[in-house]
Amino acid sequence: MTNNKTKEFKRYTVTSALPYANGPIHIGHLAGVYVPSDIYVRYLRMKQKDVAFICGSDEHGVPITIKARQEGITPQQVVDKYHKINKEAFKNFGISFDIYSRTSAPIHHETASQIFRAIYDKGILAESDSEQYYDEKEQQFLADRYITGTCPHCNNEKAYGDQCESCGTSLSPTDLINPKSVLSGNKPVLKKTKHWYLPLDKYEEKLRKWILEGHKNDWKTNVYGQCKSWIDMGLQPRAVTRDLDWGVKVPVENTEGKVLYVWFDAPIGYISATREWAQEKGTDWMPYWKSDETKLVHFIGKDNIVFHCIIFPVILMAEGSYILPDNVPGNEFLNLEGDKISTSRNWAVWLHEYLNDFPQKQDVLRYVLCVNAPETKDNDFSWKDFQARNNNELLAIFGNFVNRTLVLTHKYFNGNVPKPADFTKEDNDALAKLSEIPEKIEAALENYKFREAINEMMNMARLGNKYLTDQEPWKIFKEDEERVKTILYVSLQICAKLAVVSTPFLPFTADKLAKILNLESFLWEDSKAGALLRSGHSINKPQLLFEKIEDKEIQMQLDKLHKAKEDNKVANNIQALKPEISFEEFQKMDIRTATVLSAEKVAKTKKLMKLELDTGIDKRIVVSGIAEHYEAESLAGKKVVLLANLKPRTIKGIESHGMILMAEGSDGRLHFVSAGNELENGFLIS
RNA sequence: GGCGGGGUAGCUCAGGUGGUUAGAGCGUCGGAUUCAUAACCCGGAGGCCACGGGUUCAACUCCCGUCCCCGCUACCA
């Protein structure tokens with residue numbers, strides 16, 4: 001396969017991962033996906049490329065129906081809420097989507113149905129019956145999350161059909177003891193249901209050829225490596241339909257109550273949104289998805305690699321008439337103040353709140369997120385760094401250079417671009433260096449190296465500052481006004497180029513600067529061509545491009561962050577009371593004190609620790625999932641509390657006799673339950 | 001445990017088909033300067049390039065092993 005880097009494309013289809021409409025957008029999403037894609041697209045537009053920049057809300061799937069139930073509203077109301085918040089936040093932040101659509105739109109249902117039907121009609125999908133839980137009262141099949149029951153491992157009575165949140169075990173609904181429907185509370189029955197499967201395994205060779213051979217050199221190493229890992233592991237057929245009433249109806253006879261699986265319909269949302277955009281614009285959508293002369297690029301986070309590099313391309317291959325992505329620049333994750341961003345723990349900076357707290361400072365966040373984007377590895381965002389980047393870089397380097405030039409121009413020449421005398425060697429050197437920068441930015445952007453690109457942009461301002469300082473026009477104005485004219489002429493050209501070059505990265509600032517300079521609309525090529533401002537051209541009064549961010553503003557954000565976390569701790573970690581039990585039931589449990597004699601980590605596991613205990617009546621082996629929280633060496637001699645008459649269970653080949661009682665703290669760490677150190681072994685707890 | 005990505009100056013990161021003194025920005029220290037939002041400009045200090053072996057005339061770069069962080073996956077109280 002050819003390396004497409006060198007190929008000239010006629011048009012571009014650029015997509016940004018569809019945000020899931022059950023929560024707001026945070027800085028992690030922005031840094032990984034939306035800021036880079038927006039920079040890329042703004043750059044392409046400045047090069048007068050034909051580009052469609054596509055995004056929208058991903059609105060189907062079980063989590064949304066659950067959130068709706070919890071809040072006592074309909075799924076549609078849930079997605080309406082977040083669609084509105086996010087669409088508005090993107091707009092205010094300057095993410096310049098050509099369209100921000102949604103998967104609940106009729107055109108999406110139509111598109112997804114058509115594509116499913118096309119694959120179905122070709123006989124590609126495998127049909128298979130399976131038994132799934134059904135709620136007879138509500139007359140519907142139950143999603144895994146809609147079934148609760150007793151966990152077969154830890155006896156937690158509130159385990160879900162997909163996972164026990166008490167012990168963390170992944171479950172299948174049929175594993176549960178005493179399953180119950182969340183909808184009616186009744187016992188569900190197993191009922192036969194039919195589903196369709198996409199045979200990913202049959203596309204293994206095509207994927208191998210396309211990715212492993214064809215994109216060895218132009219895809220990012222993390223993306224390529226992850227794909228290789230998936231393909232080498234062997235692909236399995238994957239169900240594309242499920243029993244649910246929220247989603248795209250399966251377009252086949254007699255399939256009441258079945259919808260397309262959300263992972264199948266979501267990426268098709270890119271295509272539906274493109275159609276919607278083309279309709280509004282009165283143009284044809286097909287070339288954007290079906291022409292070899294179109295470059296398709298998906299911007300995503302690393303959690304989405306498998307969907308965009310394996311599954312969605314297989315859907316497109318199966319359908320047969322679509323192009324495949326030329327590149328899938330997948331970024332790593334952004335941390336916040338050293339901790340993982342977490343929606344449930346409320347550890348995040350939300351875009352809509354940022355826009356509220358820092359009005360007119362979109363570019364500051366855009367700059368910080370781009371210059372520190374998690375391109376090759378996870379990165380950290382801190383408010384202190386945010387402040388420093390603003391004060392020491394944007395303001396001190398970019399803003400200051402522009403301001404110096406403008407102030408001097410007004411002071412000496414009434415705000416008119418002066419007429420230069422002959423250029424000196426220094427002038428020519430500066431102009432030569434200036435002319436090299438746009439091409440460096442270009443090369444970086446074409447290769448999705450956004451940090452490098454934005455640094456080159458800043459180098460232009462650095463160049464300007466150095467030139468001004470070296471030439472010292474304020475010192476020589478009295479003796480040699482002609483020379484000062486040339487110096488400011490050159491400085492002003494640098495300002496103008498800066499306005500052009502910063503447009504993709506800092507659109508609001510670039511716009512402000514262009515207005516001050518009275519610069520008419522411009523294209524990317526103008527950053528390379530000669531002078532942009534003619535002698536005699538008048539410029540407006542200087543205006544500060546950036547303002548200093550003070551310590552107290554930063555402290556406010558830090559306080560807010562920690563307060564949110566505290567509030568959340570209390571709200572989230574106090575679990576609801578379990579169902580009442582009788583004293584007799586309690587008495588069945590033999591809980592007693594014991595001492596750890598020795599401990600060793602169980603080989604080939606991450607969490608398991610094999611413990612030898614002295615219970616006062618015997619010495620026994622217990623396997624416990626504490627290896628992530630305690631070192632084996634630190635455990636000998638530890639006083640613990642043991643549930644001693646739990647039925648023995650073989651775990652990783654070791655028979656475990658009982659369970660050590662642990663409490664999970666709000667930080668997610670496990671802590672031993674203590675009966676006090678003075679107690680001997682074997683004392684019953686009641 | 002398997003697989004993938006990463007571990008380089010105080011911080012955030014570049015880099016390298018193996019080859020003289022390992023780079024940038026910010027921070028820090030010193031100097032210079034005053035046009036400018038105490039900003040800009042110059043200079044210095046600061047790195048066993050995670051650790052241990054190996055290949056080589058030469059390794060931060062290649063190979064093997066170990067440790068740590070992140071993700072996927074498995075197993076799992």
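To find a chain, count down the sequence lines: A is the first, B the second, and so on, and within it residues start at 1.
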Closest to the A:Leu395 side chain, choosing from B:G5, B:U37, B:U33: B:U37

Candidates B:C40, B:G4, B:U33 - which lies nearest the side chain of A:Ser229: B:G4

Touch class at under 4.0 angstrom, heavy-atom based, for A:Glu393 against every strand present: sugar-phosphate

Sugar-phosphate, base or nothing in reach of A:Phe546, heavy atoms under 4.0 Å: base

Selection from B:C26, B:C35, B:C41 that lies nearest to any side-chain heavy atom of A:Ile397: B:C26

Flag if over 12 foreign heavy atoms under 6.0 Å of NZ, A:Lys361: yes

Span that lies between the C1' atom of B:C26 and that of B:A39, in whole angstrom: 15 Å

B:G52 - base-pair partner by Watson-Crick or wobble geometry, distances under 3.5 Å: B:C64

Side-chain N or O of A:Lys548 closer than 4.0 Å to phosphate OP1/OP2 of B:A39: yes

Euclidean distance, atom NZ of residue A:Lys220 to atom P of B:G71 [Å, nearest integer]: 17 Å

Integer angstrom distance from the C1' of B:G18 to that of B:A59: 6 Å

A:His26 and A:His29 aromatic ring geometry - parallel, tilted or perpendicular at 30°/60° bounds: parallel

Euclidean distance for C1', B:C48 against B:G53 (whole angstrom): 16 Å

Contact under 4.0 Å: A:Lys340 side-chain N or O vs B:G71 OP1/OP2: yes

Parallel, tilted or perpendicular, as decided by the 30° and 60° cut-offs, for the rings of A:Trp383 and A:Phe381: perpendicular

Near-ring test A:Tyr40/A:Phe299, centroid separation under 6.0 angstrom: yes

Rounded distance in Å - CG (A:Asn465) to P (B:A32): 20 Å

Nucleotide forming a Watson-Crick or wobble pair with B:G25, both distances under 3.5 Å: B:C11

Residue met sooner reading RNA chain B from 5', once A:Phe333 and A:Asn372 are mapped to nucleotides: A:Asn372

Residue A:Lys377, side-chain heavy atoms: nucleotide from B:U33, B:A14, B:C40 that is nearest: B:A14

Any donor-acceptor N or O pair under 3.5 Å, side chains A:Arg462, A:Asn459: yes

A:Lys411 side chain near B:A36 phosphate (N/O to OP1/OP2, under 4.0 Å): no

Closest-nucleotide 5' rank along RNA chain B - winner of A:Gln226 and A:Leu468: A:Gln226

Sugar-phosphate, base or nothing in reach of A:Lys475, heavy atoms under 4.0 Å: sugar-phosphate

Pairing partner (Watson-Crick or G-U wobble, both distances under 3.5 angstrom) of B:G71: B:C3

Span that lies between the P atom of B:U56 and that of B:C63, in whole angstrom: 16 Å

Least distance between heavy atoms, A:Asp218 atom then A:Asn327 atom: O-ND2, 2.9 Å

A:Thr469 side chain, from C-beta outward: closest of B:C40, B:G15, B:U12: B:C40

Sugar-phosphate only, base, or nothing, as touched by A:Leu545 at under 4.0 Å among non-hydrogen atoms: base

Between B:C42 and B:C68 - C1' atom distance, rounded Å: 40 Å

Pairing partner (Watson-Crick or G-U wobble, both distances under 3.5 angstrom) of B:C40: none

A:Leu544 CG to B:C40 P, straight-line distance once rounded to whole Å: 15 Å

Rounded distance in Å between the C1' positions of B:C69 and B:U34: 47 Å

Ring centers of A:Phe386, A:Phe358 separated by less than 6.0 Å: yes

Within 6.0 angstrom of A:Glu204 CD, more than 12 heavy atoms from elsewhere: yes

Residue A:Asp378, side-chain heavy atoms: nucleotide from B:C70, B:A36, B:G5 that is nearest: B:C70

Atom P, compared across B:G43 and B:A24: separation rounded to whole Å: 11 Å

Rounded distance (Å) that lies between atom C1' of B:A77 and atom CD1 of A:Ile621: 16 Å

Selection from B:C70, B:C35, B:C72 that lies nearest to any side-chain heavy atom of A:Trp230: B:C72

Spacing between A:Lys302 atom NZ and B:C3 atom C1', to the nearest angstrom: 14 Å

d(CG, A:Asp232; C1', B:G2) in whole Å: 12 Å

A:Asn455 CG to B:G15 P, straight-line distance once rounded to whole Å: 12 Å

Counterpart base for B:A45, defined by Watson-Crick or G-U wobble contacts under 3.5 Å: none

Side chain of A:Arg462 (C-beta onward), nearest among B:C35, B:G6, B:G25: B:G25

For atom CG of A:Asn390 and atom P of B:G25, their distance in whole Å: 19 Å

Per A:Ala396 side chain, nearest of listed nucleotides B:A39, B:C35, B:A36: B:A39

Side-chain N or O of A:Asn392 closer than 4.0 Å to phosphate OP1/OP2 of B:G25: no

Euclidean distance for C1', B:A58 against B:U20 (whole angstrom): 11 Å

